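What follows is a set of notes on a single structure, which appears directly below.
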Amino acid sequence: MPTRQEALAYRQIDRIRRGIELLRDRPAGEPLWAAITEAMLEPLRVDGLDAAPPPRDGLAEIRKLVASPEAQAALTRTTTDAFTEAVAERTGTDPGTLYPRLVAEAVLGALVAAIEVYPRYDPPVSITALTRQALELVAAGLPEPS
């Protein structure tokens, strides 16, 4: 039975799970970070979240998620292993080794960071734009801001 926090994070967890499946279906020759970025953005686009500004009720839900460390933990706890396995498959590595786990954790961290700053932007921006930016920064090795 899902916890209250998992229920609160359900939509985000579902989008991540859909993104993981999309990652598995990306073209084999596509660079890893391009594949991850497109796979993670597609569920947001399909759900209509690439339009700005976001609706007020949507921001209120995101604020609840951001305010709940338990919901954030549920978000990553329920998706980390599956994401690690998908990265391992794509890179031909063992899911029990550091690289696929580190990539999965970095991506999930970027997604959580985007969700955390999303309701605070003024003027509002789309979660899709923030997610793309977060993933691009991670893919670039987190260069210092210019």
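Predicted, not measured: the structure shown is a model, and the values here were computed from it. Atom set for the values below is all heavy atoms of this structure, side chains included, hydrogens, waters and symmetry mates excluded.
- In terms of hydrophobic clustering, with Ile, Leu, Val, Met, Phe, Trp and Tyr side chains grouped at heavy-atom distances under 4.5 Å, I115 and V117 are assigned to a common cluster.
- Annotation: salt bridge (Lys or Arg N to Asp or Glu O under 4.0 Å) contacts of D47 (sequence neighbours excluded): R15, R18.
- Checked against side-chain hydrogen bond (donor to acceptor under 3.5 Å, both in side chains), R24 has the following partners two or more places apart in sequence or in another chain: E21, E89.
- By the criterion of side-chain heavy atoms lying less than 4.5 angstrom apart, applied directly or through intervening Ile, Leu, Val, Met, Phe, Trp or Tyr residues, L102 is not grouped with L137; the two fall into different hydrophobic clusters.
- Put simply, the side chain of T84 never gets that close to the backbone of P95: no donor and acceptor are under 3.5 Å apart.
- The salt bridge (charged side-chain N to carboxylate O under 4.0 Å, His left out) contacts involving residues 98-113 comprise D81-R101, R101-E105, where partners must be two or more places apart or lie in separate chains.
- Distance CG/L130 to CD/E116: 12.0 Å, rounded to 0.5 Å.
- Between the CD1 atom in I20 and the OG1 atom in T79 there is a gap of 5.5 Å [rounded to 0.5 Å].
- Separation of atoms CG (L111) and CG (L44) is listed at 8.0 Å; rounding is to 0.5 Å.
- Connection of I13 to V107 is established within a shared hydrophobic cluster, with ILVMFWY side chains joined at heavy-atom distances below 4.5 Å, either directly or through further cluster members.
- The two atoms that bring P43 and G19 nearest to each other are CG-N, 3.7 Å, heavy atoms only.
- Under the side chain to side chain contact (heavy atoms under 4.5 Å, CB included) criterion, T97 pairs with T93, D94, P100, not counting sequence neighbours.
- Closest heavy-atom contact between L23 and A86: CD2-CB, 4.1 Å.
- In plain terms, the two heavy atoms of F83 and I16 that are nearest each other are CD1-CG2, 4.4 Å.
- Distance CD1/I127 to OH/Y118: 6.0 Å, rounded to 0.5 Å.
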Considering only distance and modelled atom types, tabulate donor-acceptor pairs under 3.5 Å from the side chains of residues 27-42, sequence neighbours left out.
unit_1	atom_1	unit_2	atom_2	d
E30	OE1	R26	NE	2.8
E30	OE1	R26	NH2	3.3
E30	OE2	R26	NH2	2.7
T37	OG1	W33	O	2.8
E38	OE1	R45	NH2	3.0
E38	OE2	R132	NH1	3.4
E38	OE2	R132	NH2	3.3
E42	OE1	R45	NE	3.3
E42	OE1	R45	NH2	3.3

